[in-house]
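Remarks on the structure that follows.
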Amino acid sequence: MAGQVQSVPDHTGQTDAGADAGGADTGDSDWVSRLADEVVQDATRRQGGTLSRPIVCASGLSPSGPIHLGNLREVMVPHFVADEIARRGIAVEHILSWDDYDRFRKVPGQIDGVDASWSRHIGRPLTSVPAPLGSAYPNWAEHFKAPMKAALDMMGITYRGISQTEQYTSGAYREQVLHAMRERAHIDGVLDSFRTKQIEPLSDSPQPVGSPGSAHADADSARAAELAAQGSGAAEEDDGSQGGAYYPFRPYSLAYGTDDTRVIAYDDDTTELTYVATGPQQQQVTETMRLDEDFHGKLVWKVDWPMRWAYEGVNFEPSGVDHQSPGSSFVVGGRLVKEIFGGEQPIGPMYAFVGFAGMAKMSSSRGGVPTPAEALAILEPPVLRWLYARRRPNQSFNVSFDADLLRLYDEWDALGRKIAQGTAQPADRAAHARSVRTAGRELTATPKPVPYRALTSIVDITGGHPEQTLRILEGFDVNGRVSSLDDVRPRLDGASTWVLTVLPPEDRTRVRTEPDAQLLAELTSDQRESLDLLAAGLEDNWSLDGLTNLTYGIPKVRAGFEITQKKLPAEVKRAQRELFALIYELLVGSRTGPRLPTLLLCVGIERTRRLIGH
C-alpha cells in the first residue's frame, strides 16, 4: 500500500504503543522505542536542532523471486520505527526501494510457469524479464512485487514505493551518476582500501542469539547471510571491479539487453561511455552511450546504495548480517556516502536470521520458503506482526507452521488475557500494541477469538461443513456466544487453510462410524461407570467449559473429591489420563486426539452416546 508522510498528533507526549506498554517504564526491552529515540535525536542533529522535514526510514527489496518471510524483516524493522515516530506526532516517511533494476541472476526453482528457458534472460533487468507463464503482470519484477504489496497492505504497513527501474531510466539519478563517474578514482581508492583488508570470519560479527561464539549463534549467523543473499539487492556486493581502469557504472547493452558489459573508456567532458557487450554465443559488439541523456544502466551496488542514502536523505535503514562485516556494502557505504556524495550514513542496526519450519506442504515458493502472503492465509495480520515486534532485530527466531503454530496462538491469546487483566509486562504490552494497531489504523481482528487449536479440530472433524461448524461453535463463549461464522473470521479461515494445506493426512481425525464392539465388550466395571457418568452428563454440560468440567471431573467424583478440587493425588490424575485415552479409543480409534471437550462438541451428543455404548 503506497503511503505518504505519516504524522499523528500527540497531545500527551506519549506514544500509543508506549501508553499501552506503560510509557517510560518500557525500559531497555522495548527495542522499537529505543531505536526511535536514537533516530529522532540523530535526525534533529542533522537538521540543525529543529525537525523541519520528515525523518526517512528505508527498506529495500529485490523482486528476483518470491519475497519470503526472512526478507519481511527488512520491512518490519523500519516500519515499526517509523510507526513509533509517527505515533509521537513527528513527520516521518517509510520508503521502500524496489530493486527491480537489478540483474536477473539465476532462474529460481519451484516457480510455476517457469522453466530452464528463462536462463536466456540472465543479466537483464528484472523488469525486462518475462513474468511466469499465466501471470497477469507485465514482467518478472511486477509478478513478485504484487503479492508482497498485498501482504503489506493487510499488515497495515504504509510506505512510498520507489521503483529503481523508473529512477534510473527516467534520468532521476543523472547528476549522481555523472558525479560518481567524475569521482571514480576516489571511489576506487576507497574500495581498494577495503579490498586489501583481512576480512574477519562471519562468526565474529554480532551474534543473533546464544552466547558469543556458540555453535548455535554461528549457525544462525551463517544462515542469516545465506537468506539475506536471496532477497535483498544489498546482497550482490558488486563494487564494479573488472580489471584495468575502474568505472562505477555498468550499462545494460542495447544489442543484448544484459549487463554482460565491460566499460573501456569514458570522456568526462562529453559523458560518452564506450563499452564492449558480450552476447549469448560469446559474440561481442562495441557500443557507446552518453550518460547525460542515455539511461540504460546503473551504478554498481556498493556505490548505488550510499548514493541513495544521500539522494533520499535516509536516517534509518537496517541490513542483514552479511552487510555488517568488514568490506561489506554497509561498511564501505559509510565512507562513500560522506566522501563522494556529501551525505551521512543512516543508523543501520543488523537484523538476524528468520528461520522456518513445517511449511513444505504449504509453500510453493523457492525451496519451500513461505512468503508473507502464504503466511497470512494461515495467520491473522496482528499475529504475524507480533512475531517481528516481540524480538529485537539482532535476535533470530523461527516461524513455524507445524504444531508449534497452535502453541503460538495459545501464547497470543494468553497475552491478550493478561493485557485485559492488567498483568502483562510492559514490553509485552508494547509489542502487542504495535501488533494490533498502527499509527494510522486498527488492524482487522476476529470479534470472538475462539482458540485456534479448537478451530482446527472443528474444521478437521467436520471437513469445514458450515452448518456443522456453526452448530459446534455455538457452544463457545468468547467475548459472548458465537452466533455466526463471521464472529470467528478471519481466524476460522486461517485455521481452515492450515488444516487443508499443512496438517499431514496421517494426523487427520477420523471419527468412528460404528461403535468398537470388541472394546466395549472388554470394559471393566470402573470404565463402564465412568462412561455412564459421561453419557448422563452430556446434555446438561453441552458447552466447552461444561464438557471440560465434566470430563476432568468424572475421576474426581468417583474418587470422592469435589469437582472443583484442584490439588489431586497422582492416582486421580492417572485416572483422568486413562479415561481420556479410553474415550479417544472409542471415538477416533486412537489414544490421543484433539482436545476432548472440542472433540465431543464436534461429534455431537447422540453420536457420542452411541459410540461409548449408550
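Considering Asp487, Asp477, Asp486, Asp413 as possible partners of Lys448, the one that fulfils the salt bridge (Lys or Arg N to Asp or Glu O under 4.0 Å) test is Asp487.
Within 6.0 Å of CZ on Arg591 lie no more than 12 heavy atoms contributed by other residues, nucleotides or ligands. Within a 6.0 Å sphere centred on OH of Tyr552, heavy atoms belonging to other residues, nucleotides or ligands number 12 at most. Other residues, nucleotides and ligands contribute more than 12 heavy atoms inside 6.0 Å of the CD atom of Glu571. Annotation: Gln421, atom CD; neighbour count of heavy atoms from other residues, nucleotides and ligands within 6.0 Å is above 12.
Under the 3.5 Å distance criterion, with hydrogens and angles disregarded, no donor-acceptor pair is assigned to the side chains of Thr158 and His94.
In this structure, OG1 in Thr469 is found 10.5 Å from CD1 in Ile461, a value given to the nearest 0.5 Å.
Without hydrogens or angle criteria, Arg385 side chain to Arg434 main chain gives a donor-acceptor distance under 3.5 Å. His465 places no side-chain N or O within donor-acceptor distance of the main-chain N or O of Gly463, the cut-off being under 3.5 Å. Using modelled atom types, one side-chain atom of Glu74 and one backbone atom of Gly60 make a donor-acceptor pair closer than 3.5 Å.
Looking at Lys149 and Asp153, no side-chain N of the basic residue comes within less than 4.0 Å of a carboxylate O on the acidic one, giving no salt bridge.
Between Tyr388 and Phe397, the distance separating the two ring centers is shorter than 6.0 angstrom.
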